[in-house]
Structure formats: C-alpha cells, structure tokens
Amino acid sequence: MILPLPLCLFADSLSPPVNVTIREVKANSAVVSWDTPEGDPVIGFAITQQKKDVRMLRFIQEVNTTTRSCALWDLEEETDYIVHVQSISMSGTSPLSEPLRFRTPKEAETQASKSKDEVTMEEVGQTTQLRAGELIIIVVVLIMWAGVIALFCRQYDIIKDNEPNNNKDKAKNSSECSTPEHPTGGLLRSKV
C-alpha cells in the first residue's frame, strides 16, 4: 500500500512521468528511469521506493532534469519493491506514475549473471587500492635499488683509492724511485 505524500500540492497541468522502467537490477541496487511528456515545465523529480508489504517509504528528490534516471541503493536481496516517480514544477508535483514492481536477485545470482567485461563499483575501488599498493611496492623497490647502487659506487671508490698499483704510482718514472740500495733515488740520480 502506497501512502500519499503529505502536504503536496498537485499541479493541474503537470502529467506524471511515463515509461517508468527498472534496469541494472542487482542484489543491492537498481536504476529507475522514466520519460516526461513534452512541454511540461519540470524542475525536478521525486522518486518513492517502498518494500512490498512494508509501510515505510524512501523518498528521493532529484533536481537534475536531464538524466531522467536515478540509482536506488541499499536494497535487500530477494526483496520485492514498488517504485513511483513524480514530476516537480514551480506550481507543485504531478500525480504518481504507475507503480513499478521489481524483485532484487540473490547476490550469488548477480555474480553468476555478470559478464566477464562488466565491472562493478566495488571492483573499481579494489582495482584502485590494488594499483596504489602496487605503486607503493614499486617506489620501495626503486629506493632500495638506488641505495644498492649508491653503496656499490661508494665501495667501488674505496676499493679504487686503496688499490696498491693506482695510476699515480704508474705515472712515476722508475728512475725516480728510491730503493734500499740507493735511498736518494734511482741509478741515474745516485752520486758516484
């Protein structure tokens, strides 16, 4: 049983939305869409969602007049729902549209019927989290590699500086080197 909205002014010339349909029905969400008759001065829409056999209503007011659709969220799986749509103008609201009844499937049925190419919002969130995790791992690995390369270069310089036969010794002429027999220099510099 749908309860009328209290204190609503009905516009005499405003027609209710037509072609109200439900699509993308999942275990916990669905999308309701509709058309409006031409010429109606619509400034918004009101959607009422009700569980069958329950008196509570969810009232959604949609001010976007170009999309002509609204997402229904927080639905329960395997539950019957009734949806109405009303047009809103400056002078009031239209009568309710014809009731649209639909039933949400089980979560398992939703997963089984999903095609390979279909991506849900939850999966998009998981993909973003996965990419962020992968990015962190890549940055850590790059920092570690930079540290390893820096350590290698430092060790290479230390080894190169401590090398006994470095380039400075090679550049000296053998005649300039002193020996135990000739402490003042080589054979050419010794005094006779």
- Query: Taking the side chain from S91 and the backbone from S89, do they hold a donor-acceptor pair closer than 3.5 Å?
  - Reply: no
- Item | Whichever hydrophobic residues join V18 through chains of side-chain contacts under 4.5 Å | none
- Query: So which heavy atom on A30 is nearest to which on L75, and how close?
  - Reply: N-CD1, 3.9 Å
- Query: What residue pairs, at least two apart or across chains, pass salt bridge (Lys or Arg N to Asp or Glu O under 4.0 Å) with a residue in residues 79-92?
  - Reply: D80-R103
- Only counting residues at least two apart or in another chain, list the ones meeting side chain to side chain contact (heavy atoms under 4.5 Å, CB included) with T21. S33
- Query: NZ of K52 to OH of Y81: how many Å apart, nearest 0.5 Å?
  - Reply: 13.5 Å
- Note on the structure: When every non-hydrogen atom of P99 is compared with those of H84, the smallest separation belongs to CB-NE2, 3.4 Å
- Report the residue from V83, I47, D74 that forms a side chain to side chain contact (heavy atoms under 4.5 Å, CB included) with R58. D74
- Note on the structure: Nearest heavy-atom approach of S87 to L14 is O-CD2, 3.5 Å
- Message: Could you list the cluster mates of I43? Members are the ILVMFWY residues connected by side-chain heavy atoms closer than 4.5 Å, either directly or through other members.
- Response: I88, M90
- How long is the span from the CD atom in Q61 to the SG atom in C70, to the nearest 0.5 Å? 11.0 Å
- E76: partners by salt bridge (charged side-chain N to carboxylate O under 4.0 Å, His left out), with sequence neighbours left out: K51
- Message: Quick test of your reading: applying ring pair (Phe, Tyr, Trp, His ring centres under 6.0 Å), list the pairs with at least one residue in residues 19-47, sequence neighbours left out, ordered by first then second residue.
- Response: W34-F45
- Apart from I138 itself, its cluster of hydrophobic side chains linked below 4.5 Å comprises L142
- Message: Please find the pair of heavy atoms, one from E107 and one from E77, that lie closest to each other, and give the distance.
- Response: N-OE2, 3.5 Å
- CD/Q49 to CH2/W73 distance, rounded to the nearest 0.5 angstrom? 7.5 Å
- Message: What's the separation between atom OG1 in T104 and atom CD1 in I22, rounded to the nearest 0.5 Å?
- Response: 10.5 Å
- side chain to side chain contact (heavy atoms under 4.5 Å, CB included) involving I149 - partner list, sequence neighbours excluded: C153
- May I ask you to test the S94-V85 pair for a side-chain heavy-atom distance under 4.5 Å? no
- Between the OG1 atom in T36 and the CG atom in N19, the distance rounded to the nearest 0.5 Å is 10.0 Å
- Query: Excluding sequence neighbours, so at least two apart, what forms side chain to side chain contact (heavy atoms under 4.5 Å, CB included) with V31?
  - Reply: R23, E24, S69
- Item | Intermediate values then yes/no, side chain to side chain contact (heavy atoms under 4.5 Å, CB included), T48 and I60 | CA-CA 6 Å; T48 55; I60 305 166; over 6 Å; no
- Could you tell me which residues satisfy side chain to side chain contact (heavy atoms under 4.5 Å, CB included) with R154, sequence neighbours excluded, listed by chain and number? I158
- Item | Heavy-atom side-chain proximity of L96 to P16 below 4.5 angstrom | no
